[in-house]
Amino acid sequence: MQPNPDLVRAIANRYAANLRLCLPLRRTSLQLARAVHGNIITFGFQPHAHILNRLIDVYCKSSELDYARQLFDEISEPDKIARTTMVSGYCASGDIALARSVFEETPVSMRDTVMYNAMITGFSHNNDGYSAINLFCKMKHEGFKPDNFTYASVLAGLALVVDDEKQCVQFHAAALKSGAGYITSVSNALVSVYSRCASSPSLLHSARKVFDEIPEKDERSWTTMMTGYVKNGCFDLGKELLEGMDENMKLVAYNAMISGYVNCGLYQEALEMVRRMVSSGIELDEFTYPSVIRACATAGLLQLGKQVHAYVLRREDFSFHFDNSLVSLYYKCGKFDEARAIFEKMPAKDLVSWNALLSGYVSSGHIGEAKLIFKEMKEKNILSLMIMISGLAENGFGEEGLKLFSCMKREGFEPCDYAFSGAIKSCAVLGAYCNGQQFHAQLVKIGFDSSLSAGNALITMYAKCGVVEEARQVFRTMPCLDSVSWNALIAALGQHGHGVEAVDVYEEMLKKGIRPDRITLLTVLTACSHAGLVDQGRKYFDSMETVYCIPPGADHYARLIDLLCRSGKFTDAESVIESLPFKPTAEIWEALLSGCRVHGNMDLGIIAADKLFGLIPEHDGTYMLLSNMYAATGQWEEVARVRKLMRDRGVKKEVACSWIEMETQVHTFLVDDTSHPEADAVYKYLQDLGKEMRRLGYVPDTSFVLHDVESDGHKEDMLTTHSEKIAVAFGLMKLPPGTTIRIFKNLRTCGDCHNFFRFLSRVVQRDIILRDRKRFHHFRNGECSCGNFW
DNA sequence: CTAGGGTTAG
């Protein structure tokens, strides 16, 4: 039977009308759209443009962009409504590139204000404020008149990037002039612009003035003003505003307050807000729960978090944001299995879920698992990359970190300050000074040099590259500082033998009223230890519990023991170990053992080594320290015994290697390394240097040779081939006169090399910085910053 | 066909 085209058209038109009515009920409208679409295909008639447009809209709003596009492409000459629909569909799905292409394929003569509005909104929603503003300017230039929608949209974009009061005033004036100034939606957006102006939060007054002058405030007016206060940390003003609000509007305001408190780390206050909500009879909603979970996660309140978890599960009104926050709650509280289980069970995993899992593995040091997850992720965003870059750097994978950073740029991600800080941390790991400097220059150029995370990374990078002055310089020019910045500077000074200054900076920090955290104390203790400030260090250690309520951890005790041993106070060190509030850890014994090594305290050293053999028999460092101690006193049978023990237990000594950076290229050398193309010249040069140094009194110290080799001459040969010596000779040959030589070594340097470097710095009149596994050595004119023991 | 606020991952 032949269908009656008129009848079919009539039915389709009816569907189209229904579609409009049913739009909010997504499922229903999508079903209707499919039916209409099916009829069109089955009966092959040409529907009216407005039916097709409506179909496209429904498909877009049901996230069926491919169907929408298919229909759109079938239209021979899509009208401006079809195009606008397609543009806003793509915008809403986040595909700004496709939206843009449809928009730009439309001739200007065919565009109208609505289409511009859709595109501007798209930019704003995709966090691209600049493009929103540019398009706004362009449309005016092309003669289109902005309307209320335009202003609301472009102001939303402006709010993302505004950093200067002039911009706020300019746009405000333009809106007023066009008559949109007192439209509620436009005013709401203006409130948001004023309160998000980066350079002056004082504009909150202007925001408040706009707010006060809104003739008909709606719920959004109140909550936007509230957000303005909260995002600027003005919680008291926020509370005051809350008082004046209608009861039925308070939910969103409470949610804003709670998330604001959590963002500032004020979780107690956040939870207090939740209590107030509950007591005034306002029901928490799906927006509240994730913030509450985050509060628990940052505060480490696992029990409370679990209770909220159970409570929300019973209520069944949660969104997937909730699951994502749970993943982070559990891993932050150290419950990796639970976190993983929640992730696996999630019905809908999105990018945030993957990033939560990734960051869980990264921040808990499970870098291997993190790498697997990262590989498995199909979709990644800038945050995924940032998490991974920082994670790699923080776990010592500097090269991989840098590789990922350049990969990120290749794939078109514009690195933000946090990504830069990951790259800079990678440079810190590698000691890649030139590379790090280049990043610093780029930061300045882009204007990220005021960033806290980048600044903190720079301090550490310069310190780890041995350039304390620059670390100090970065710190002193940073516009704002946090405890990480202070810790980084104190560490930088301490590492390089400026113990007294490190302590001064710590005192300065205290005077400024900044509370030290456990890392600060750890850093200060290290500085005291390196500078031999025993009494001071002791005083700081005691202040931890009594003044700052920070119970000292094993790491703090280890520093204390190190401090005592280095000044030869072994009895004190022993009594500290005896009175520990926990069972001594490997860290503690290691501190004792290396302290004993410095002073040749054999009896105590053997005890410490025995404990370490029991706790971490696979750790090569213990064997090396002990056999070095025996070698120093010529007890070669004992040396052999330790070496045999090591062999029997299958413990492999990590291969020593040193490296030097030259114009971003890194040259690496192993012990006895002859693989470098210029090895012959380097060895020759090394021999010449040796001769000259001996004339000045350098005597090779053969006690550092591990084997009991028969002839002393042979032993000296072995000493001269330690990797740091090869690296420094290479550096002296290649680097321009007068430049500081920076050498890096993966293990600790030996006493002979230390001595060698001292003499060398005098012979060649160059500053040499040697960074080994534990510490830095600055050699200048025969002296070393860390004194003449190593 | 187009607008303005509150939720998760560093």
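No experiment lies behind these values; they were computed from the predicted model shown. In what follows, chains carry the letters A, B, and so on, assigned in the order in which the sequence lines appear, proteins first and then strands, with residues in each chain numbered from 1.
A:D218 comes within 4.0 angstrom of a nucleotide base, judged by non-hydrogen atoms across all strands. Among the protein residues, A:K349 comes within range of no part of the nucleic acid, since none of its heavy atoms lies under 4.0 Å from any strand.
Under the 3.5 Å distance criterion, with hydrogens and angles disregarded, a donor-acceptor pair is assigned to the side chains of A:T288 and A:N255. There is no side-chain donor-acceptor pair under 3.5 Å between A:S259 and A:S291. Looking at A:S359 and A:Y331, their side chains do bring a donor and an acceptor atom within 3.5 Å of each other.
For A:S88, the listed nucleotide lying nearest its side chain is B:dT2; candidates were B:dT2, B:dT7, B:dT8. Taking the side chain of A:T85 as heavy atoms from C-beta on, and the options B:dG4, B:dA3, B:dC1, the nearest nucleotide is B:dC1. Checking B:dT2, B:dT7, B:dG4 against every side-chain atom of A:K61, the shortest atom distance belongs to B:dT2.
Counting to the nearest Å, the P atom of B:dG10 and the CG atom of A:N355 are 9 Å from each other. Rounded to whole Å, atom C1' of B:dT8 lies 14 Å from atom CZ of A:F343. Taking atom CG of A:D57 as the reference point, atom P of B:dC1 lies 5 Å away to the nearest angstrom. In this structure, A:D79 places its CG atom 12 Å from P of B:dC1, rounding to the nearest Å. Between the CZ atom of A:R315 and the P atom of B:dT7 there is a distance of 19 Å, rounded to whole Å. Following rounding to the nearest Å, A:E219 (CD) and B:dG5 (C1') show an atom-to-atom distance of 8 Å. Spacing between atom OH of A:Y261 and atom C1' of B:dT7 amounts to 18 Å, rounded to whole angstrom units. Straight-line distance from the CZ atom of A:F123 to the C1' atom of B:dT2: 14 Å, rounded to whole Å.
Between the side chain of A:S153 and the base of B:dA3, no donor-acceptor pair under 3.5 Å is found. For a distance-only test at 3.5 Å, the side chain of A:D147 fails to qualify as a donor-acceptor partner of the base of B:dA3. For B:dG5, the base has a donor-acceptor partner in the side chain of A:T223 [N/O atoms by modelled type, under 3.5 angstrom].
Phosphate contact (OP1/OP2 of B:dG6, side-chain N/O of A:R220, threshold under 4.0 Å): absent. Side-chain nitrogen and oxygen atoms of A:H50 include none within less than 4.0 Å of the OP1 or OP2 phosphate oxygen of B:dC1. OP1 or OP2 of B:dA9 has not a single side-chain nitrogen or oxygen of A:S359 nearer than 4.0 Å. Distances shorter than 4.0 Å separate none of the side-chain N or O atoms of A:Y418 from OP1 or OP2 on B:dA9.
A salt bridge links A:D57 with A:K61: at least one charged nitrogen is closer than 4.0 Å to a carboxylate oxygen. Between A:R340 and A:E344 there is a salt bridge, since at least one side-chain N of the basic residue sits less than 4.0 Å from a carboxylate O of the acidic one. Between A:D212 and A:K209 no salt bridge is recorded (no basic side-chain N to carboxylate O distance below 4.0 Å).
Taken residue by residue, residues 282-293 of chain A places heavy atoms nearer than 4.0 Å to DNA chain B at A:D285, A:E286, A:F287, A:P290, A:S291.
In this view, A:H125 satisfies the ring pair (Phe, Tyr, Trp, His ring centres under 6.0 Å) rule with no residue, not counting sequence neighbours.
Classified by interplanar angle (parallel below 30°, tilted 30° to 60°, perpendicular above 60°), the ring pair A:F144/A:Y116 is tilted.
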